[in-house]
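In what follows, every heavy atom counts, from backbone to side chain, and hydrogens, waters and symmetry copies are set aside. If you're wondering where the values come from, they're calculated on a predicted model, not measured in any experiment.
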Amino acid sequence: MKMVRSALKLFLVLLFLGYLVLWLMMPTKLYFEHWLPEIRSKTNSTYFGPQGSTMLVYTFPILFIATMGCVYLHLGKKHGEESIERVQTSKFTTLKQPALVKGPLVIVSWMELSFLTMFVVLLAWSTTSYLNGMFVHIDQMASETGLLVWEAKLEMSGLTLGLVGNICLAFLFFPVTRGSSILRLIGLTSEACVRYHIWIGHIAMIMFTSHGLCYFIFWAKTEQMAQVLKWDKIEVSNMAGEIALLSGLAMWATSLPRIRRKMFELFYYTHHLYILFVVFFVFHVGFTYSCIMLPGFYLFLVDRFLRFLQSQQRVSLVSARILPCQTVELNFSKSPELSYTPTSIVFVNVPGISKLQWHPFTVISNSNMNPDKLSIVIKSEGSWSSELYQKLSSPFSMDRLEVSIEGPYGPASTDFLRHDTLVMLSGGSGITPFISIIRELIFKANNDGVKIPQILLICAFKRSIDLTMLELILPVSGTTIDVSCLQLQIEAYVTREKAAVDDNHMPLRTIWFKPNALDAPVSAILGPNSWLWLGLIISSSFVIFLLLIGILTRYYIYPIDLGSNLKYATSARAGFNMLFICLAIAITSTTAYLWNKKRNSKAMRQIQNMDTPSTTSPAWFNNSDRELESLPHQSSFQATKVHYGERPDLKRILFERKGSSVGVIVSGPRELRQEVATICGSGLAGNLHFESISFSW
């Protein structure tokens with residue numbers, strides 16, 4: 001089976017390299033004057049028209065890679081090789097170390113900088129190639145159209161900026177496709193790739209804004225301002241492009257860091273204008289040219305609709321633990337078939353607070369240690385989390401809270417065992433992903449008999465009351481957990497207090513919610529836990545789309561174009577294509593989702609029937625008298641040294657670590673990550689291996 005996977009992987013790599021070569025050749029004269037006409041002459045069909053060749057060249061290869069990637073991932077999962085072959089640390093350690101620490105890009109590794117440089121080179125190559133090709137006969141074109149040479153150059157420059165912006169748009173949606181098989185193939189997660197979406201988005205909007213400005217100036221100088229309101233039936237629709245640009249500018253302005261952090265809800269709601277942006281972009285350039293950016297958006301649509309289906313189900317919230325530090329732990333019932341890795345996140349919606357807002361939170365439970373439980377921690381910081389905390393901490397009893405969940409999403413695997421020592425550095429709520437890592441190591445130490453690295457947890461809090469978050473390291477479980485085999489040392493720093501403060505704060509308490517027949521355990525979304533189904537949805541939906549658009553073109557559009565002096569409107573053709581894509585994805589995704597939901601419900605009923613009749617809820621649910629303070633404290637408090645009124649000396653702590661390989665994992669504010677990255681990237685200690693974790697709370 002390894003040979004089959006290796007051959008499949010090699011084939012996909014070669015196909016992707018060929019796809020990249022196509023991007024390099026696209027702006028050249030050879031491609032436009034020879035390759036493209038040849039492809040169109042051989043693929044000309046009355047069923048698909050001009051867009052058939054474009055779909056074949058630009059859309060089909062990526063969707064094929066995504067589908068076969070699902071097969072590859074399924075084979076790996078089926079035969080115990082779920083994780084992508086890990087990159088050998090000895091070869092790529094330097095590339096993973098920080099190259100840039102400060103600046104607008106924050107922390108960038110050498111590998112990320114290399115790929116970013118290649119992407120910028122692609123854009124520069126495309127820009128210069130397009131301009132060179134357009135400027136060759138610019139004098140002749142200017143004389144034929146009655147324009148000045150500089151005016152003709154301005155128009156061609158605007159066109160070039162639009163063409164190069166489309167390259168950015170083609171890559172824009174890949175990083176935010178949470179259940180993407182393509183990201184998993186290259187060992188990435190959507191959470192780690194959000195920054196790439198931001199980078200590409202900035203470049204795309206610079207290009208498109210410059211594209212629009214060039215044309216506005218050109219129309220003003222040539223007295224053609226009437227072009228602003230032009231919606232051409234056959235050619236480019238200027239007004240559609242302007243609506244798309246305005247939508248993009250609104251998203252761009254509200255995504256700036258200062259606005260996004262201070263007015264997150266404005267950013268969140270405004271970003272839904274991406275629908276308007278894409279629709280009018282397609283109307284602007286026509287569907288044929290839109291096939292260039294279609295693959296990324298198509299996979300995003302599949303993923304988004306599957307997440308929508310999952311989010312419609314209310315999940316079973318079993319209990320909530322209220323910590324004194326204005327933090328709550330929510331415990332959900334989950335399907336035993338659902339597995340996830342440490343540092344995974346889920347997106348949570350509480351309709352009682354907001355029906356539209358979804359917020360990401362780190363999962364702190366371990367799917368091996370707690371097969372029927374999923375837990376998250378939420379700290380009261382923003383308006384949404386504060387309202388949730390107030391609801392749960394209210395003295396009035398609460399017997400039910402409606403919650404929906406998307407996810408979980410996380411890395412394909414985690415390989416913390418490769419290090420001799422693990423140094424975990426957190427600031428505030430950044431400790432949450434480390435809870436999941438420590439629980440995973442506890443499980444491995446108790447069950448797998450493997451060597452566990454020494455663990456040093458350095459956590460900084462503002463107030464001493466926040467130290468109660470350390471209580472969460474041990475899960476509330478009815479089983480006895482041997483933590484003596486885990487070499488865990490915790491050093492906590494309370495930065496704003498000189499000594500422990502006893503304010504007679506609210507004691508910890510647990511709320512137990514009544515079961516509801518309409519609620520269901522958290523179950524796996526199709527994709528990361530069912531790759532074959534995702535591959536089937538991608539391939540079958542695309543086939544259905546081709547059938548629908550083929551029938552429409554052959555028996556409705558083609559007779560109009562061929563049998564009359566009329567030509568079928570480009571915008572109408574684009575509208576039908578977008579409608580059929582949505583229909584195909586909705587039909588296949590809904591069918592697959594309902595089939596799997598029925599199968600999971602049947603499996604859950606069989607499991608419940610095997611349990612004792614008195615058991616109406618998970619085993620851990622019945623431990624209602626077991627509070628946090630009754631747990632053995634040896635795992636956290638006896639191993640904890642608390643420092644008051646000071647910050648950790650990170651350079652001293654890291655340089656004192658012994659061993660051939662020291663994994664340095666940081667989770668917290670940007671300043672903390674930059675400080676640690678600077679130390680690890682200095683090269684003064686070659687045994688330090690830096691890794692930054694995105695946390696959500």
Decide yes or no for [X] and [Y]: does some side-chain heavy atom of the first lie under 4.5 Å from some side-chain heavy atom of the second?
X: Arg321; Y: Val328; answer: no
X: Tyr389; Y: Ile378; answer: no
X: Phe332; Y: Val403; answer: yes
X: Trp358; Y: Val348; answer: no
X: Glu337; Y: Pro371; answer: no
X: Leu534; Y: Leu306; answer: yes
X: Gln357; Y: Tyr269; answer: yes
X: Trp533; Y: Thr588; answer: no

Checking [X] side chain against [Y] main chain: does a donor-acceptor pair fall under 3.5 Å?
X: Ser436; Y: Pro433; value: yes
X: Gln310; Y: Gly407; value: yes
X: Arg260; Y: Ser255; value: yes
X: Ser667; Y: Gly430; value: yes
X: Ser344; Y: Tyr340; value: no
X: Arg195; Y: Ile107; value: yes
X: Thr591; Y: Ile587; value: yes
X: Asn516; Y: Leu518; value: yes
X: Tyr72; Y: Ser181; value: no
X: Lys379; Y: Cys325; value: yes

Which heavy-atom pair separates [X] from [Y] by the least distance, and what is that distance?
X: Thr189; Y: Leu183; value: C-CD1, 4.3 Å
X: Ser290; Y: Val285; value: OG-CG2, 3.3 Å
X: Met469; Y: Val377; value: CE-CG1, 4.1 Å
X: Leu317; Y: Phe513; value: O-CB, 3.4 Å
X: Arg178; Y: Ser190; value: CA-CB, 3.5 Å
X: Ala253; Y: Ile259; value: O-CD1, 3.2 Å

Worksheet item: Which of parallel (below 30°), tilted (30 to 60°) and perpendicular (above 60°) describes His202 and Trp252?
Response: tilted
Discussion item. Angle between ring planes, Phe280 versus Phe283, binned at 30° and 60°: parallel, tilted or perpendicular?
Written reply: perpendicular
Rounded to the nearest 0.5 Å, what separation is found between the [atom1] atom of [X] and the [atom2] atom of [Y]?
X: Met205; Y: Leu172; atom1: CE; atom2: CG; value: 10.5 Å
X: Ile182; Y: Ile62; atom1: CD1; atom2: CD1; value: 5.0 Å
X: Phe576; Y: Ser571; atom1: CZ; atom2: OG; value: 10.5 Å
X: Leu188; Y: Phe174; atom1: CG; atom2: CZ; value: 13.0 Å
X: Ser589; Y: Leu536; atom1: OG; atom2: CG; value: 10.0 Å
X: Ile511; Y: Ser319; atom1: CD1; atom2: OG; value: 9.5 Å

Worksheet item: Residues in ring pair (Phe, Tyr, Trp, His ring centres under 6.0 Å) with Phe297, at least two apart?
Response: Phe173
Worksheet entry | Contacts of type ring pair (Phe, Tyr, Trp, His ring centres under 6.0 Å), residue Phe347, not counting sequence neighbours | none
If only side-chain N and O atoms count, and only distance matters, is there a donor-acceptor pair under 3.5 Å linking [Y] with [X]?
X: Ser311; Y: Ser404; answer: no
X: Arg439; Y: Ser365; answer: no
X: Asp303; Y: Thr177; answer: no
X: Tyr298; Y: Ser541; answer: yes

Worksheet item: Are Leu323 and Glu471 close enough, and set up right, to give a side chain to side chain contact (heavy atoms under 4.5 Å, CB included), and what steps lead you there?
Response: CA-CA 9 Å; Leu323 276 66; Glu471 299 265 16; 5.6 Å; no
Item to complete: Could you go through the side chain to side chain contact (heavy atoms under 4.5 Å, CB included) check for Ile581 and Phe287 one step at a time?
Response: CA-CA 12 Å; Ile581 285 177; Phe287 189 82; 3.9 Å; yes
Item to complete: Return yes when atom OH of Tyr19 has more than 12 non-hydrogen atoms of other residues, nucleotides or ligands closer than 6.0 Å, and no otherwise.
Response: yes
Worksheet item: So, Phe267 versus Phe264, ring centres under 6.0 angstrom or not?
Response: yes
Item to complete: Run the ring-centre check on Phe300 versus Tyr274 and record whether the distance is less than 6.0 Å.
Response: yes
Worksheet item: Quick one: salt bridge (charged side-chain N to carboxylate O under 4.0 Å, His left out) partners of Asp519, sequence neighbours excluded?
Response: Arg400
Practice prompt. Among Thr343, Thr341, Asn366, find the one that has a side chain to side chain donor-acceptor pair (under 3.5 Å) with Glu440.
Written response: Asn366
Using the side-chain contact (heavy atoms from CB on, under 4.5 Å) criterion, which residues pair with [X]? Sequence neighbours excluded.
X: Thr59; result: Met55, Leu63, Cys291, Leu294, Pro295, Phe542
X: Thr590; result: Phe305, Leu309, Leu594
X: Pro175; result: Cys193, Tyr196, His197

Practice prompt. Report the C-alpha distance between Phe119 and Phe171 in whole Å, list the side-chain angles of each, state the deciding distance to 0.1 Å, and finish with yes or no for ring-ring contact (aromatic ring centres under 6.0 Å, His included).
Written response: CA-CA 10 Å; Phe119 184 72; Phe171 291 91; 5.7 Å; yes
Practice prompt. Decide side chain to side chain contact (heavy atoms under 4.5 Å, CB included) for Phe545 and Asn577; before the verdict, give the C-alpha distance in whole Å, the side-chain angles of both, and the deciding distance to 0.1 Å.
Written response: CA-CA 8 Å; Phe545 162 69; Asn577 276 274; 3.5 Å; yes
Worksheet item: Checking side chain to side chain contact (heavy atoms under 4.5 Å, CB included) for the pair Glu329/Ile322: CA distance, chi angles, key distance, verdict?
Response: CA-CA 7 Å; Glu329 179 193 34; Ile322 316 299; over 6 Å; no
